[in-house]
Amino acid sequence: MKAFKYLSFLLLIAIIGTAIYVAVQPNSFKVTRTRTIKAPVSVIYDNVIDLKNWESWSSWVETDPDIKITLAEQTKGVNGAYSWEDKDGIGTMKTVETEKNTSIKQNMQFADFPVSEVNWTFKTNDDESTHVTWTISGKDLPFGFKAFSALMGGMEKQIGPHYERSLEKLDSIVIASMKIYSITVNGITNHSGGYYLYNTTSCKISDLKSKMNEMLPKVSAYAIKNSITMAGTPFIAYHKWDNENNAVMFSCCVPTTEKIITTNNDILTGLLSPFKALKTTLKGNYSNLNETWETATKYIKDNNYKEMHNLPALETYLTDPMSTPNPADWVTEIYIPIED
């Protein structure tokens, strides 16, 4: 009997000690993780703002494949929501406030515990990478929540590693999404030609990209400054390509609705006569253009067409990277003149 009383007394002391330990735990918590992702801010933001994407990079889903995800009718933007159910209970996430490409605020509730606030911030770095910060916080925590948290080792231990792994997976998925591309040989077509503004140069093939980046904006800026109506999207006209001597002659062009008399000696007006061409389309990063040209020229050879080398081959950019930051969405058309 004495032993039973002694054990009961020790148990009571343990319960009281545990209660005191739980009671003195902080009434709030905050867990933050950050990661720098080498991608444009809008590409990352567009992924995170749509909750239907979360399952693909959620560490919780990765560690518990039996978790059940239920998407709301709306998953993107303010009022976008989803819920999940696992062995510990049911949780919900809802987006309550957004600032495009800058921040996202959400409310998360799990089981009967109080609502936690989830915040995302996105900051563009000088090298065009994005600093992503993901934070969850709660306050006025009841005794039961603090007891659960203490039993599980604290919110930092519970959530921190999941946030780190989720951000790592988000990084990989975003980078992979930017590398998606497709090449389509559209077939023989008639290019309508037309007037265009241009500047032109010759350089090493290895210097082509830097020269294009320098020259093309000047032509576009001239058209805008002089209120010239453009008849389409910018293009490059390749007059000569010499792999053996690492040389290329090309023009950076902007199509116009009529003949323009220019006042700048570096900006000229040209006229492209209509011609028959093989059209090939690249959807994806410009880094895949070499493969696109190779695909097009192989198609010409395999189908016994003959190129017309006295006319320039065209590379037309249908997408503005400034307004469409994900390279996977860029569209480029190639026109190689062929004989009738």
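Bear in mind that the values here come from a model prediction, so they are computed numbers and not experimental data.
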Student: Regarding T262 and N264, do their side chains bring together a donor and an acceptor under 3.5 Å, going by distance alone?
Tutor: no
Student: Suppose we screen for side-chain contact (heavy atoms from CB on, under 4.5 Å). Which residues come up paired with T233, at least two apart in sequence or across chains?
Tutor: T316, L318
Student: Distance only, no hydrogens: is a donor on one side chain within 3.5 Å (strictly under) of an acceptor on the other, for N107 and Q109?
Tutor: no
Student: Could you grab the distance from atom CG of N288 to atom OG1 of T332, nearest 0.5 Å is fine?
Tutor: 9.5 Å
Student: Less than 6.0 angstrom separating the ring centers of F235 and Y196, yes or no?
Tutor: yes
Student: If you round to the nearest 0.5 Å, how far is NZ of K283 from OG1 of T292?
Tutor: 14.0 Å
Student: Do Y198 and M230 sit in the same hydrophobic cluster, where Ile, Leu, Val, Met, Phe, Trp and Tyr count as joined when their side-chain heavy atoms come under 4.5 Å apart?
Tutor: no
Student: Name all residues meeting the side-chain contact (heavy atoms from CB on, under 4.5 Å) criterion together with N246; count only those two or more places apart in sequence or in a different chain, and write none if there are none.
Tutor: K204, I205, S206
Student: Looking at residues at least two apart in the chain, or sitting in another chain, which of them share a salt bridge (Lys or Arg N to Asp or Glu O under 4.0 Å) with E214?
Tutor: K218
Student: Counting heavy atoms not belonging to E339, are there more than 12 under 6.0 Å from its CD?
Tutor: yes
Student: Show me, pair by pair, the donor-acceptor contacts under 3.5 angstrom made by side chains of residues 182-190, not counting sequence neighbours?
Tutor:
residue: N186; atom: OD1; partner: T281; partner atom: N; Å: 3.3
residue: N186; atom: OD1; partner: T281; partner atom: OG1; Å: 2.7

Student: Sequence neighbours excluded, which residues qualify as ring-ring contact (aromatic ring centres under 6.0 Å, His included) partners of Y317?
Tutor: Y286
Student: Could you pull out all donor-acceptor pairs under 3.5 Å where a side-chain atom in residues 301-311 meets a protein atom, sequence neighbours excluded?
Tutor:
residue: D302; atom: OD2; partner: K298; partner atom: NZ; Å: 2.7
residue: N303; atom: ND2; partner: Y299; partner atom: O; Å: 2.8

Student: In Å and rounded to the nearest 0.5 Å, what is the CH2 to CG distance from W330 to L282?
Tutor: 10.5 Å
Student: Taking only residues two or more places apart in sequence or in another chain, which ones pass side-chain hydrogen bond (donor to acceptor under 3.5 Å, both in side chains) with N79?
Tutor: none
Student: List in chain and number order the residues that pass side-chain contact (heavy atoms from CB on, under 4.5 Å) with A221, two or more places apart in sequence or in another chain; answer none if no residue qualifies.
Tutor: none
Student: Any donor-acceptor pair under 3.5 Å linking the side-chain atoms of T32 with those of T135?
Tutor: yes
Student: If you count the non-hydrogen atoms of other residues, nucleotides and ligands that lie under 6.0 Å from CG in N265, is the total more than 12?
Tutor: no
Student: Quick test of your reading of the model: are E85 and K68 salt-bridged, counting only N-O distances below 4.0 Å?
Tutor: no
Student: From F250 CZ over to E315 CD, what is the distance, rounded to the nearest 0.5 angstrom?
Tutor: 10.5 Å
Student: Just grab all the side-chain hydrogen bond (donor to acceptor under 3.5 Å, both in side chains) pairs involving residues 171-180, residues at least two apart or on different chains.
Tutor: R35-D171
Student: Can you list every pair that meets side-chain hydrogen bond (donor to acceptor under 3.5 Å, both in side chains) and has a residue in residues 37-57, with sequence neighbours left out?
Tutor: N47-W57, D50-K52, D50-T75
Student: By side-chain hydrogen bond (donor to acceptor under 3.5 Å, both in side chains), which residues pair with W134, not counting sequence neighbours?
Tutor: Y163
Student: Among all residues two or more places apart in sequence or in another chain, which pass the side-chain contact (heavy atoms from CB on, under 4.5 Å) test with A81?
Tutor: A72, K94
